[in-house]
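We're numbering straight along the sequence, starting at 1.
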Amino acid sequence: MSEFNTWQESNLRQLAAEVAQLRQRLEHMATRTTEPSRAESRETPSTATPVAPAKRVKRSIFQWLFGQPATQPTSTVSDLTPLTSTSTDETDNSPTVVESNPPPESHSALDELAVRLRLSPFEKQVLLLCVAMEFDTRIADLCARAQQDPLKNFPTFALALALFDEPSWDVLSPERPLRYWRLIEINQPGSQPLTTSPLRADERIVNYVKGLNHLDDRVSPFLTPLELESGTTEIAPSQQTIVETILRRLDDTADAGRIPVVQLVGPEPISKQLVALQVCAAINCRLHRLPIELLPAAPSDSEILARLWQRECGLMPQALYLDAQELDGATTERFIAISRFVTRSDGLFFLGVREALPRLGRPHLALDVAKPTVAEQQIAWQMALPHEAVQAPSQLAGQFNLNLSTIQQLAQRACMEADGEPETLTEKAWEVCNATQRPQLDALAQRLEPKMIWDDLVLPVAETNLLKQIVAQVRQRNKVYGDWGFARKMNRGFGISALFAGESGTGKTMAAEVLANDLRLNLYRIDLSAVVNKYIGETEKNLRRLFDAAEDGGAILFFDEADALFGKRSEVKDSHDRYANIEVNYLLQRLESYRGLAILATNMKSALDTAFLRRLRFIVNFPYPSVADRQRLWQKAFLQPDAKRNLSAPPLDVLDYDRLARLNLNGGHIHNAALNAAFLAAAAGTNVTMQLVLTAAQAEFQKLDRPINTAEFQWHDRNCTRPNVANANEVRL
């Protein structure tokens, strides 16, 4: 038989003995014909087991949170020593017994509850009287007989004051444990006196005395389990340092007063939850998560929840993780609810926030928590991948920002997909990371499927070299910043930002696709209409969500028409100007701290704030294509067949690319003309002819409202006797 089962049997025996003694006391009182004197009352055997006062000594944090009290129970609840902890059951709602640290055989659950909640001997006896009603049906009849009223088959304060030795009137006070901790419920209808009102033991307390310890069903709806997969509790040395700091601080305050609220600061929630879990594992308690959105806003409801939670902490070792990740400011209603809750309840609280909150109403400790460092992630990749993948750890750690447990899971998946082929392991690991860490940006951005390659890009040599430098810096930043030590001189982020400036259709979006394709990264075009919001503070919130979601996977963010969002800061004339400048300042900060590649595209470089231009790493100008460039663009506009890759292409007649290059069109319009010519050919059932291309080009000129010389768009083919088509509308469909 286990130690706990032995204690459980002992607890039931002691409970049965105490109920039997209580029944004898009630029978003795019921058989008396006159009111007993105080001396006779003292001659009645007492069932209370007084708690000997303990010496005040230095205690460990576990003893402070969940152990025996340091002093004899005091007279008011305000003097109570803080209580805190978490259950050991597998689920929040299923009843379970307390198997961790069971009390000695000489201590029953009622004794343990009296010690933990600071009950005086008389208060313990009153609670036993109410609890016994649930265990022995004879108690109700004896209560009626003892009170000489057949309708009073329930306990009352008046009965307890007459029944037990050394009664104390302050047991009726709402500041004493019985009422403060809601151990008993009082049914006081109308003008009925408090002393004669029916008393009933709280269901949670009845179960505890019986030996069952489960979370109160009035508290459990507010709590949700931490959504961490199995095996995700491993943390990096840098995170373990934070755990040790918290434990030292808790131990230092264990004998000095209320323990501080531990604020875990940063944008990464999983790392903060891992740190909190490690602290709770070290002090042997269970961690629950409470989203702040569920905290009651009404003071009365918040007071009830805080009091019940503190009572739960006194009954089971447990702590609470308050998830305030989406809290936007220290003046919001949610902040007020947090401050009220942690002030009115003692215990171990972890507060997960993006930025530290001031003025919580009680001592607090703020610590920044981030994911493992690049060096720690690289070591984790080296341990998780076979030695054949020499370059993979450095490349993966430099691009993807992951926790250690995630690295292990992705490495196992990559090895399975590589199927024992070391030469493909690095590529598979990259593909797995890129796929699993794809950010959820559907509401704020559009994911582009990169299809363009370097051969599709037509730019001058200088601009092409700048684009290749961007690729090289993204690939080599881990070596330069980490291995070569340049990170020590960087007081900003390690991200790379670039500005693509040029007229519409000069290849800015195509260049972004080329970079994403070469780097094998996800490319997201930001939807400015979804990001910019007219309500104050909403734009910053959207930008924060955007950058946070893209951070871990190192996705490429492409801000098209960025001048709409990155415009010049204006002179502050009213509150709208001030908040507009705040948005620009916030965006500048996030661009600097973003660890990925951010590309800004604009048609009006002069409209951008000069602060942006100073902080951008690269500025690539996309000029209007020259005649030679337009000839290359026309040649690349029509796909060529590729027998090796089994790629087809449109049927082409001989095209005069010199003639087409003289048409003053940029790359975007050339692409549109080529596509429209292909559709004209398909509709006419012919090859793509020079005349069809000229017809499509003429339509582009019409869209641009440019003057049209009809002779420029007619083609006379000496080998063709059929009249030429000068207008797209004349094509027979």
Side-chain angles (χ1 to χ4, degrees), residues 65 77-78 80 82-87 92-93 174 180-182 204 215-227 246 257-269 272-273 275-276 279-280 285-314 318-367 369 535-538 540-541 544-545 548:
L65 293 174
V77 172
S78 60
L80 290 181
L83 302 171
T84 350
S85 15
T86 297
S87 77
D92 290 332
N93 299 321
Y180 185 88
W181 298 121
R182 298 176 178 266
R204 168 75 171 96
L215 205 59
D216 194 308
D217 57 6
R218 289 165 292 185
V219 175
S220 58
F222 294 92
L223 307 181
T224 57
L226 291 174
E227 297 178 356
I246 296 173
R258 301 180 74 181
I259 61 175
V261 176
V262 181
Q263 293 197 64
L264 302 178
V265 184
E268 213 291 301
K272 293 186 288 190
Q273 293 174 7
V275 167
V279 173
C280 291
C285 73
R286 173 82 180 273
L287 181 65
H288 294 279
R289 172 178 171 267
L290 173 60
I292 62 165
E293 293 79 10
L294 299 181
L295 277 178
S300 57
D301 296 336
S302 178
E303 174 69 19
I304 294 175
L305 179 62
R307 196 173 297 185
L308 289 176
W309 171 253
Q310 187 172 349
R311 189 184 77 175
E312 288 302 307
C313 294
Q318 51 194 357
L320 192 61
Y321 183 92
L322 293 170
D323 193 344
Q325 192 70 16
E326 298 302 322
L327 189 65
D328 294 324
T331 60
T332 63
E333 181 181 351
R334 293 299 176 190
F335 170 77
I336 297 174
I338 293 174
S339 179
R340 183 191 302 121
F341 181 73
V342 299
T343 302
R344 300 297 296 171
S345 180
D346 286 316
L348 179 55
F349 290 101
F350 297 94
L351 182 57
V353 290
R354 191 176 298 273
E355 297 179 358
L357 301 181
R359 303 182 304 276
L360 284 177
R362 59 180 289 184
H364 58 92
L365 169 66
L367 296 169
V369 181
Y535 295 104
I536 293 175
E538 290 299 315
E540 294 98 307
K541 183 190 298 184
R544 184 190 67 201
R545 290 171 50 201
D548 287 351

* Asked: Between the side chain of R218 and the main-chain N/O of L308, is any donor-acceptor distance below 3.5 Å?
  -> no
* Asked: Is a donor on one side and an acceptor on the other found under 3.5 Å between the side chain of Q325 and the backbone of G266?
  -> yes
Spacing of [atom1] belonging to [X] relative to [atom2] belonging to [Y], to within rounding of 0.5 Å:
X	Y	atom1	atom2	value
E355	Q263	CD	CD	11.0 Å
I246	L264	CD1	CG	5.0 Å
I292	L322	CD1	CG	8.5 Å
L290	W309	CG	CH2	8.5 Å
H364	L357	NE2	CG	8.5 Å

Distance-only check: which donor-acceptor pairs under 3.5 Å involve side-chain atoms of residues 294-303, not counting sequence neighbours?
| unit_1 | atom_1 | unit_2 | atom_2 | d |
| --- | --- | --- | --- | --- |
| E303 | OE1 | R344 | NE | 2.7 |
| E303 | OE1 | R344 | NH2 | 3.4 |
| E303 | OE2 | R307 | NE | 3.4 |
| E303 | OE2 | R307 | NH2 | 2.7 |
| E303 | OE2 | R344 | NH2 | 3.2 |

* Asked: Can a salt bridge be assigned to the pair D216 and R204 using a cut-off of 4.0 Å between side-chain N and carboxylate O?
  -> no
Taking side chain as C-beta onward, heavy atoms only, is [X] less than 4.5 Å from [Y]?
X	Y	value
W181	Q310	yes
F341	L320	yes
F350	C280	yes
D548	R354	yes

Looking at [X] and [Y], what are the two nearest heavy atoms and their distance?
X	Y	value
L365	P260	N-CB, 4.2 Å
V342	L360	CG2-O, 3.8 Å
P269	P267	CD-O, 3.3 Å
V219	E312	CG2-CG, 4.4 Å
F222	P291	O-CD, 4.0 Å
V275	V369	CG2-CG1, 3.9 Å

* Report the C-alpha separation of D323 and Q273 in whole Å, then their side-chain angles, then the decisive distance to 0.1 Å, and conclude whether the side chain to side chain contact (heavy atoms under 4.5 Å, CB included) test is met. => CA-CA 9 Å; D323 193 344; Q273 293 174 7; 4.2 Å; yes
